[in-house]
Amino acid sequence: MDSSKSEDANILHVFWHEGMLNHDLGTGVFDTLEDPGFLEVLEKHPENADRVRNMLSILRKGPIAPYIQWHTGRAAYFSELYSFHRPDYVDMLAKVSTAGGKTLCHGTRLNPGSWEAALLAAGTTLEAMRYILDGHGKLSYALVRPPGHHAQPTQADGYCFLNNAGLAVQLAVESGCKRVAVVDIDVHYGNGTAEGFYERDDVLTISLHMNHGSWGPSHPQTGFHDEVGRGKGLGFNLNVPLPNGTGDKGYEHAMHELVVPAISKFMPEMIVLVIGQDSSAFDPNGRECLTMEGYRKIGQIMRQQADQFSGGRLVVVQEGGYHITYAAYCLHATLEGVLCLPHPLLSDPIAYYPEHDMYSERVTFIKNYWQGIISTTDKATD
């Protein structure tokens, strides 16, 4: 049941539903879902329930627990999904589920229980946004799976079926927010979210990610710096592809040099922070080498932006993060930052990775390119 705590700026409202644990992609060689026949021990698909069980556990039992109020999520209605996804795509997913499941693209399969979990993830994220829109709190976090930021209006991709964050953003717009900013720090490009708003000027999409490029037909977007929006949306999609091993200092540098100025210019009325702990130093699915301290700093910066521009309103949405234990620690640190707690509540159990300064050159290049785009769009609207 939902607990009853007095509303406070330092209370984080966490939305969760146990039914999301029923999505099971099985075992294989990492995310291939294949058994080559000569390995004695296969591993669970990286997007498995255990990773989220630990996130759930650390928030319930860790030192951040007194700052959290829990809420039960719900399944999304099909009519809600149509705000971001095309009806024929949603209907296709439902039919595939009814037929017993199907692999939709690499590593991304609807199994029995998957569609119900995806509907719960979407609905739970909508509830997290609705709670803030209705004025019941300032900070919310949708602890959801399967993830969503790769799902495009008509395409599943990268373990994602429904774009949870995109649905929440659209709900904010439909509820009267004139400008909504999305900042995605998952290690992979938030291509689905960007695609959904690529020709719009009421949503600013920002993604900091590993410079991985396109990975096939399900993910045609590159995530490169020159994908900046189209039509009315020109200058409203900021991609920050970072070198492998960028680390804490590099991410903080990119936040201050690129993200903060873009948000300041846009002046959003609502901010959505899309998080994935797969940019950590120990994640099997990423190479960016963030530690708890880096995540904590990002959370602090985003809270500062929310306090300055959106009346303190910040909705956090879970995406990737595949190290079974360290991802939970990094989540805890991120939310410590979002809460702007004066001191770390947890120390880092394992992180040590020497950093280098390659990031600064890349960030400067993107900054100069982005300023050129913005200058052009500003002149066009004068």
Side-chain angles (χ1 to χ4, degrees), residues 20 23-26 28 30-34 45-48 51 76 81-97 101-111 114-115 117-119 121-122 125 142 144-170 182 184-199 203 205-224 227 230 237 239 241 272 274-276 278-279 283-286 317-322:
M20 290 182 283
H23 174 49
D24 185 356
L25 289 165
F30 196 58
D31 64 359
T32 65
L33 307 176
E34 296 177 357
H45 188 287
E47 207 295 277
N48 61 71
R51 54 182 283 269
L81 303 181
Y82 299 158
S83 69
F84 185 90
H85 295 285
R86 275 186 28 186
D88 55 344
Y89 170 69
V90 174
D91 294 344
M92 179 274 291
L93 292 176
K95 290 176 181 177
V96 166
S97 176
K102 177 183 177 182
T103 298
L104 301 175
C105 58
H106 178 87
T108 308
R109 180 178 175 83
L110 271 177
N111 280 336
S114 299
W115 180 231
L119 290 172
T125 307
V144 294
R145 72 178 288 265
H149 72 149
H150 296 310
Q152 298 140 68
T154 61
Q155 176 67 55
D157 177 44
Y159 318 160
C160 303
F161 308 104
L162 299 172
N163 196 306
N164 307 313
L167 288 163
V169 168
Q170 185 60 28
V182 189
D184 188 331
I185 63 164
D186 186 279
V187 81
H188 305 106
Y189 177 34
N191 62 308
T193 313
E195 184 70 20
F197 302 106
Y198 204 65
E199 298 186 14
V203 178
T205 50
I206 303 174
S207 179
L208 297 87
H209 48 266
M210 182 171 64
N211 193 14
H212 53 68
S214 170
W215 58 53
S218 70
H219 191 113
Q221 304 84 3
T222 65
F224 295 163
E227 290 181 345
R230 184 172 52 243
N237 186 72
N239 289 340
V272 177
V274 179
I275 61 172
D278 44 6
S279 41
D283 199 272
N285 219 349
V317 181
Q318 182 63 43
E319 295 291 345
Y322 305 104

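Taking the ring-ring contact (aromatic ring centres under 6.0 Å, His included) definition, one finds that Tyr159 meets it with His45, Tyr322, sequence neighbours left out. Applying the side-chain contact (heavy atoms from CB on, under 4.5 Å) test to Ala76 and every residue at least two apart in sequence or in another chain returns Glu80, Leu81, Ala122, Leu126. By the side-chain contact (heavy atoms from CB on, under 4.5 Å) test, Ala118 is found to be paired with Trp115, Pro146, Phe161, Leu162, residues two or more places apart in sequence or in another chain being considered. Here Thr108 pairs with nothing under the side-chain hydrogen bond (donor to acceptor under 3.5 Å, both in side chains) rule; sequence neighbours left out. Thr32 pairs by the side-chain contact (heavy atoms from CB on, under 4.5 Å) definition with Val29, Glu34, His106, not counting sequence neighbours. For Asn237, the side-chain hydrogen bond (donor to acceptor under 3.5 Å, both in side chains) partners at least two apart in sequence or on another chain are Tyr189, Thr205, Asn239. The side-chain hydrogen bond (donor to acceptor under 3.5 Å, both in side chains) test applied to Thr125 returns no partner, not counting sequence neighbours. Checked against ring-ring contact (aromatic ring centres under 6.0 Å, His included), Tyr89 has the following partners two or more places apart in sequence or in another chain: His85. Residues satisfying the side-chain contact (heavy atoms from CB on, under 4.5 Å) test with Thr103, not counting sequence neighbours, are Leu33, Arg109. Evaluation of the side-chain hydrogen bond (donor to acceptor under 3.5 Å, both in side chains) rule for Gln221 yields Gln152, Asn191, Glu195 as partners, not counting sequence neighbours. The ring-ring contact (aromatic ring centres under 6.0 Å, His included) search around His219 returns His150, His212, Trp215, not counting sequence neighbours.
Two residues are said to be in side-chain contact when any heavy atoms from C-beta on lie closer than 4.5 Å; Leu25 and Asp31 fail this criterion. At least one side-chain heavy atom of Val203 sits less than 4.5 Å from a side-chain heavy atom of Val182. Taking the side chain as every heavy atom from C-beta outward, His209 and Asp184 never approach each other to under 4.5 Å.
The backbone N or O of Asn285 sits nowhere less than 3.5 Å from a side-chain atom of Asp278 that would complete a donor-acceptor pair.
Taking CE of Met210 as the start and OG of Ser279 as the end, the distance is 9.5 Å to the nearest 0.5 Å.
Within the structure, salt bridge (Lys or Arg N to Asp or Glu O under 4.0 Å) contacts touching residues 144-153 (residues at least two apart or in different chains) are Glu47-Arg145.
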